[in-house]
Amino acid sequence: MRKEWQRQGEDGETVVRTCAWSPPGCHPVGCGLLLHVKDGKLVKVEGDPEHPITRGALCPRCLALKDYVYHPDRITHPMKRDPKDRGKDAWERITWEEAYDLICSKVNEVKEEYGPEAIMVFGGTGRIASTYYPMIALNVFGTPNACYAQSGMACYYPRVTEMAYVVGSGYPEIDYASRYPDRYDHPGWEPPKYILVWGKEPLKSNPDGLWGHSVVDLMKLGSKVICVDPRVTWLGSRADMVLQLRPGTDAALAMAMVNVVIQEDLYDHDFVDRWVYGFDEFAARVAEMTPEKAEEITWVPAESIREAARKFATGKHSALAWGLALDQNVNGPQAAMALIALLCITDNLDVPGGCVLSGVSTTDSQKNRYREGINLMTPELWEKRIGAKEYPGICDIDNHNQPDVVLDVLESGKPYQIHMGYFNSTNIVDGAIAAQPQRWTAALKKLDFMVCSDTFMNPTAMALADVFLPLSTFAEYNGFVLPHYGLNDLFYATINKAISVGECKSDIEILVDLGKRLQPEYWSQFADDVDFLEKLKLPDGFTFAELREQGVIQPEVTYRKYEKGMMRADGQPGFNTRTGRIELYCLGYAAHGDDPLPYYMEPPYSPVSTPELAEEYPLVLTSGARTFVSFHSEHRQIASLRAMHPDPLLDVHPETADELGIRNGDWVWIETPWGKCTQKAHVTKTTLPGVVHAEHAWWFPEQEAEEPHLYGHGMSNINTVMPHHVIGKLGICNTFKSQICKVYRNDEKN
């Protein structure tokens with residue numbers, strides 16, 4: 001792409017080309033920015049027109065970067081407080097050396113008295129920290145315990161796990177010409193005929209590796225959209241079809257669509273014969289889910305199911321964009337298998353205009369990151385990983401703990417107690433990701449010592465931390481962006497340091513600093529953060545210097561890699577599964593106690609499965625849709641962004657609102673069997689009658705910091721009313737997208 005990552009601008013400015021990741025948070029799509037710096041200060045932010053993917057476009061969060069970087073409440077130096085003062089604003093400023101001394105002495109003390117397994121490292125979602133917090137656990141502290149604290153690991157991990165078992169590959173992404181320097185003008189590329197957007201809002205979330213606004217580009221080039229969502233989103237309002245299903249019934253709808261494709265002989269027989277295992281058994285199973293049966297379950301008309309299936313199957317080529325709705329649904333693995341089948345048997349996998357995959361050399365890079373850390377510990381210690389015995393199906397793929405088991409262990413102290421916690425960019429107390437955050441908070445308070453690293457004080461740090469480490473924003477560090485965390489080589493991008501703020505350090509700098517103190521025999525090979533990046537090879541063997549020189553690297557494109565031996569480590573044609581084929585009869589599922597074929601299971605709490613409870617809680621609750629101005633619990637204190645979306649909103653249909661005596665703008669209680677919280681009613685026809693949608697991750701930085709208030713963290717957070725440990729058989733997925741509730745006016749708030 002380009003050869004210059006910084007240049008002299010006008011009036012003594014330096015202009016630094018960089019790409020965004022986090023903090024402040026976003027998914028790893030690597031939007032291109034030009035950061036204008038004068039006298040060491042960031043003075044202007046604009047989009048980089050030379051970035052081949054985003055081409056100068058930026059979202060409000062990036063445009064507000066300067067407000068975030070220099071916000072008066074930002075923490076820019078290390079702090080500590082006495083453990084007896086947890087919950088109080090009793091912080092004392094310290095140096096980095098003091099912070100490191102304190103952390104390392106506690107690590108060694110815990111390891112000597114209780115063993116390394118008594119340390120737990122928690123990481124957040126989407127942020128660049130999700131790349132490094134397992135390394136803090138494995139390579140620095142020497143503990144096998146690295147936890148993403150969302151029930152069922154229900155954000156992205158399930159889809160990755162399902163792809164690993166069914167296809168043996170990384171993540172499938174829309175072919176939006178990201179690998180071509182000439183993008184949409186490349187003669188070997190074609191736009192998708194249809195894009196099936198299932199439980200996803202790509203324009204707001206820019207998820208994982210998909211630049212969301214590329215969907216709009218594709219629509220301008222002729223692509224048509226089919227949306228599957230209980231809500232009519234902005235994209236849905238411009239779609240060819242919208243299938244508004246009852247939340248949690250995705251598996252029934254997906255099975256019915258595949259059934260139509262098979263029954264009407266719309267599938268690719270050659271692909272099935274050569275590359276699919278268990279097709280006959282799969283076809284017999286989905287034959288049980290007719291469109292008429294699916295209509296009863298999902299509320300989607302049978303003829304709409306048929307029409308959508310026919311369009312997707314006969315549109316060559318078409319693509320799938322599947323989202324969080326599949327993860328936050330205990331029937332998610334079965335829905336995912338049906339959607340994978342829909343994609344592959346219609347010949348839309350790894351083809352121009354379909355969904356593209358990466359070869360085995362790329363997807364192995366994710367595993368290589370952790371392998372050295374695992375090798376630093378004994379097999380006996382690795383076996384002590386919490387949740388691995390109960391749920392090996394997820395823990396053995398992602399090298400993480402199963403979070404529901406972690407909470408149970410924290411509360412019970414069995415099979416062993418956790419004594420130290422390290423929170424790497426994760427806001428558990430606020431419930432940005434965790435179900436029942438009040439239980440997590442009470443359980444974590446029992447730990448002897450806790451450290452938080454973040455950019456702002458938040459409910460988690462105020463309630464729990466004994467040491468606070470101030471993190472850099474992406475404007476202040478060197479790094480790189482790997483779309484899909486290395487599981488799809490759509491492109492690679494560089495993050496270039498432009499400024500320094502206070503004493504803030506990056507995740508990588510902290511990783512190297514602590515590593516040299518605690519595991520010097522391993523970490524002495526790295527001089528600093530840039531040296532670490534140089535030696536941590538990128539997929540396809542690129543170095544950080546090569547990436548920085550070019551800014552964005554777009555790997556060479558090869559379609560149908562499975563035909564060329566690029567999907568398997570042995571170089572043979574096929575897929576990296578037990579059978580060498582796409583397993584629609586999934587041996588991996590069966591090995592871990594689940595049905596090898598897809599099936600529909602009613603959500604655990606619904607008007608159908610729990611009719612007695614539904615008499616008291618008659619509404620179907622879904623949650624978690626993104627907004628343009630925040631990333632989970634981040635950005636709430638940025639005035640320009642908060643002004644655009646000041647309050648947490650509950651979407652409710654006018655008919656439902658009339659029945660409840662609720663008007664637009666009323667504050668209401670949302671109550672489930674596990675508790676209640678309050679949000680402001682947003683009366684809109686875009687939501688199905690009888691269904692409500694709540695926003696997630698709300699806290700209020702303007703409110704009182706100290707306990708019991710903790711910035712009003714429990715007032716409006718929908719995760720406080722979600723159940724713990726209601727997950728799928730593989731240990732993945734949860735019920736955040738399909739719950740029951742009642743809604744009534746909050747007269748006190750009004």
Side-chain angles (χ1 to χ4, degrees), residues 21-25 68-69 71 73-81 83 86 91-107 119-141 143 145-149 420-430 432-434 444 447 449-479 495 497 500-518 523 529 532 631-634:
W21 193 346
S22 67
Y68 189 104
V69 167
H71 194 284
D73 293 340
R74 187 175 167 200
I75 310 297
T76 59
H77 50 78
M79 302 187 299
K80 72 173 183 178
R81 67 180 172 189
R86 289 175 185 169
W91 295 98
E92 172 190 344
R93 180 172 182 169
I94 58 175
T95 67
W96 276 100
E97 288 302 308
E98 289 174 297
Y100 288 151
D101 286 345
L102 186 54
I103 293 168
C104 293
S105 67
K106 292 294 184 181
V107 167
I119 302 172
M120 177 74 68
V121 177
F122 296 93
T125 175
R127 297 175 58 147
I128 195 170
S130 63
T131 303
Y132 299 114
Y133 78 83
M135 292 189 71
I136 294 176
L138 301 173
N139 301 58
V140 175
F141 294 158
T143 177
N145 290 320
C147 179
Y148 170 63
M420 175 180 167
Y422 188 102
F423 302 90
N424 193 195
S425 297
T426 185
N427 196 356
I428 293 175
V429 171
D430 173 56
I433 57 174
L444 287 164
L447 273 59
F449 181 69
M450 288 178 279
V451 181
C452 283
S453 62
D454 220 310
T455 48
F456 286 84
M457 186 58 61
N458 58 42
T460 298
M462 184 59 72
L464 300 175
D466 305 311
V467 172
F468 187 100
L469 303 180
L471 282 182
S472 304
T473 68
F474 69 81
E476 301 155 44
Y477 67 75
N478 297 302
I495 304 171
K497 182 174 180 177
S500 295
V501 175
E503 300 173 23
C504 299
K505 289 180 180 281
S506 70
D507 293 298
I508 302 172
E509 290 175 299
I510 296 170
L511 184 73
V512 174
D513 289 348
L514 285 174
K516 287 183 176 181
R517 287 168 170 257
L518 291 167
W523 287 94
D529 59 320
F532 172 83
F631 180 75
H632 298 301
S633 67
E634 280 200 288

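In what follows, residues are counted from 1 in the order of the sequence shown.
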Discussion item. Just to verify, what does A129 make a side chain to side chain contact (heavy atoms under 4.5 Å, CB included) with, not counting sequence neighbours?
Written reply: N424, S425, D507
Practice prompt. Please name all residues satisfying side chain to side chain contact (heavy atoms under 4.5 Å, CB included) with K505, sequence neighbours left out, ordered by chain then number.
Written response: W96, Y100, E509, I510, D513
Contact between [X] and [Y] at the side-chain level, heavy atoms closer than 4.5 Å - yes or no?
X	Y	value
I119	Y422	no
E634	R127	yes
I75	W91	no

Practice prompt. Assess whether side chain to side chain contact (heavy atoms under 4.5 Å, CB included) is satisfied between L102 and F449, documenting all intermediate values.
Written response: CA-CA 10 Å; L102 186 54; F449 181 69; 4.1 Å; yes
Item to complete: Name all residues meeting the ring pair (Phe, Tyr, Trp, His ring centres under 6.0 Å) criterion together with F631; count only those two or more places apart in sequence or in a different chain, and write none if there are none.
Response: H27
Discussion item. Enumerate the salt bridge (Lys or Arg N to Asp or Glu O under 4.0 Å) contacts for residues 463-478, please, sequence neighbours excluded, ordered by first and then second residue.
Written reply: R74-E476, R86-D466
Discussion item. Can you pull out every salt bridge (Lys or Arg N to Asp or Glu O under 4.0 Å) where at least one residue sits in residues 91-103? Sequence neighbours excluded, please.
Written reply: R93-E503, E97-R517, D101-R517
Item to complete: Mind checking side-chain hydrogen bond (donor to acceptor under 3.5 Å, both in side chains) for N145 and listing every partner two or more places apart, or none if nothing turns up?
Response: N401, Y416
Main-chain N/O of [Y] paired to [X] side chain as donor or acceptor, under 3.5 Å:
X	Y	value
W523	N139	yes
T460	I428	yes
S22	I128	yes
R81	F468	no
T76	C504	no

Worksheet item: Is there a donor-acceptor contact under 3.5 Å linking the side chains of T426 and Y133?
Response: no
